[in-house]
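Beneath this line is the structure, given in structure tokens, with notes to follow.
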Amino acid sequence: MKIICSIWWGEIGGFFDGKERPVETEAIDRELIALTKKQHPKVLFLPTASWDSKGYISNFTNYYTSLGCEVDTLLLHDKFVDPTVLKKKILSTDLIYVGGGNTLKMMKLRKKVWLIPLLQQAHKKGIILSGLSAGGICWLHGGMSDSRQFSNKDAGFIIVKGLDFAPFYFCPHFDRDVKRKEFLPDFIKKTHKKWIVLEEGTAFLIKRKQRKIIKSKPQAHAYLGFHNRGEIIYSDLKTADFQSLSIFS
């Protein structure tokens, strides 16, 4: 499936808890908005993974409105969603932004409300698909998730399957969560695939044949993680690396 214009990044922090303004994300957010090529693009926010957190919705809406966007929100928890309204919201927007939270529960709920086929249509239509943390994993082949820790703080990490719009696995929060560094090598070995591994303050952009790293923190890193001859390698991704797609084959 051809990627038209999509972006994924690791959670940078800021507005998930409903208290802080996400100023750390601004360089990434502005480039994301610029991809729409519209002065006042329509942005659809999906806070499903955070159980439709009111604080998250309020801060996201205020922040993206301040950047010149028209913001709408799609609520899926504890609410019947009219299929006609659902289709109109998904297919009439310029940019879809999926928030962070519980990846596993989010993907299960999407199946229940028949949202996945509409997101596939949005992808084919060329609507920009974006998100952070859980909102990044969902678009890709899958990713490293702490979803079980929401109900059991001692639970380990799992791999949650995404929509497979791009054939990569994704690990966010690589520098913030020490345990991810501990468990990720086993996941890389088990999947036999290459992983996009992001530190806080980095974004991974896919635009047609272009692959690009965007940073809101100059010192942050993005890696391509893979298994080679019994060794786990983290190759530092820079813009120059994306001149050739062979590194992802």
| said: When you measure from the side chain of Ser58 to the backbone of Gly55, do you find a donor-acceptor pair of N or O atoms at a distance under 3.5 Å? | reply: no
| Heavy-atom side-chain contact between Ile96 and Leu46 under 4.5 Å | yes
| Heavy-atom count around Lys193 NZ within 6.0 Å, excluding the residue itself: above 12? | no
| query | Do Trp114 and Phe165 share a hydrophobic cluster (ILVMFWY, side-chain heavy atoms under 4.5 Å, transitive)? | reply | no
| said: Restricting to non-hydrogen atoms, name the atom on Ala49 and the atom on Met106 that form the minimum distance, rounded to 0.1 Å. | reply: CB-SD, 3.8 Å
| Looking at side-chain heavy atoms only, is the closest gap between Glu231 and Arg229 below 4.5 Å? | no
| field | Ala222 backbone acceptor or donor facing Glu199 side chain under 3.5 Å | value | no
| said: Between His77 and Asp52, does the side-chain hydrogen bond (donor to acceptor under 3.5 Å, both in side chains) criterion hold? Intermediate values first, please. | reply: CA-CA 7 Å; His77 283 277; Asp52 294 339; 4.9 Å; no
| Are Tyr56 and Phe60 an aromatic pair by the rule of ring centers under 6.0 Å? | no
| Value rounded to 0.5 Å, distance of CD1 in Ile116 from NE2 in His123 | 13.5 Å
| field | His173 side chain to Ser133 side chain, donor-acceptor N/O pair below 3.5 angstrom | value | yes
| note | The reported gap from NZ in Lys125 to CG in Leu119 (rounded to nearest 0.5 angstrom) is 13.0 Å
| message | Please give the remaining members of the hydrophobic cluster of Phe183, linking ILVMFWY side chains under 4.5 Å, ordered by chain and number. | response | Met144, Phe157, Ile159, Tyr169, Phe174, Leu184, Phe187, Ile188, Trp195, Val197, Tyr223, Ile232, Tyr234
| message | Is it the case that atom CD in Gln39 sees more than 12 heavy atoms from other parts of the structure closer than 6.0 Å? | response | no
| message | Test your reading of the model: is there a side-chain donor-acceptor pair from Ser66 to the backbone of Tyr63, 3.5 Å cut-off? | response | yes
| Any Leu205 side-chain heavy atom under 4.5 Å of Ile213 side chain | no
| Passing option when Leu104 is tested against Leu109, Ile158, Ile137, Asp146 for side chain to side chain contact (heavy atoms under 4.5 Å, CB included) | Ile158
Distance-only check: which donor-acceptor pairs under 3.5 Å involve side-chain atoms of residues 148-156, not counting sequence neighbours?
| residue | atom | partner | partner atom | Å |
| --- | --- | --- | --- | --- |
| Gln149 | NE2 | Ala155 | O | 3.1 |
| Ser151 | OG | Arg148 | O | 3.3 |
| Asn152 | OD1 | Asp154 | N | 3.1 |

| said: Quick check on the hydrophobic clustering: are Val81 and Leu118 connected, directly or via other members, by side-chain heavy-atom contacts under 4.5 Å? | reply: yes
| field | Distance-only polar pair, side chains of His141 and Asp164, donor-acceptor under 3.5 Å | value | yes
| Can a salt bridge be assigned to the pair Lys89 and Asp72 using a cut-off of 4.0 Å between side-chain N and carboxylate O? | yes
| Lys215 (side chain) donor-acceptor with Ala220 (main chain) under 3.5 angstrom | yes
| message | Under the criterion ring-ring contact (aromatic ring centres under 6.0 Å, His included), I'd like the reasoning laid out for Phe170 against Phe204: C-alpha separation, chi angles, the key distance, then a yes or no. | response | CA-CA 10 Å; Phe170 175 43; Phe204 179 65; 8.5 Å; no
| request: Check the hydrophobic clustering (I, L, V, M, F, W, Y; side-chain heavy atoms under 4.5 Å; chains of links allowed) and say if Leu237 and Ile233 are grouped together. | output: yes
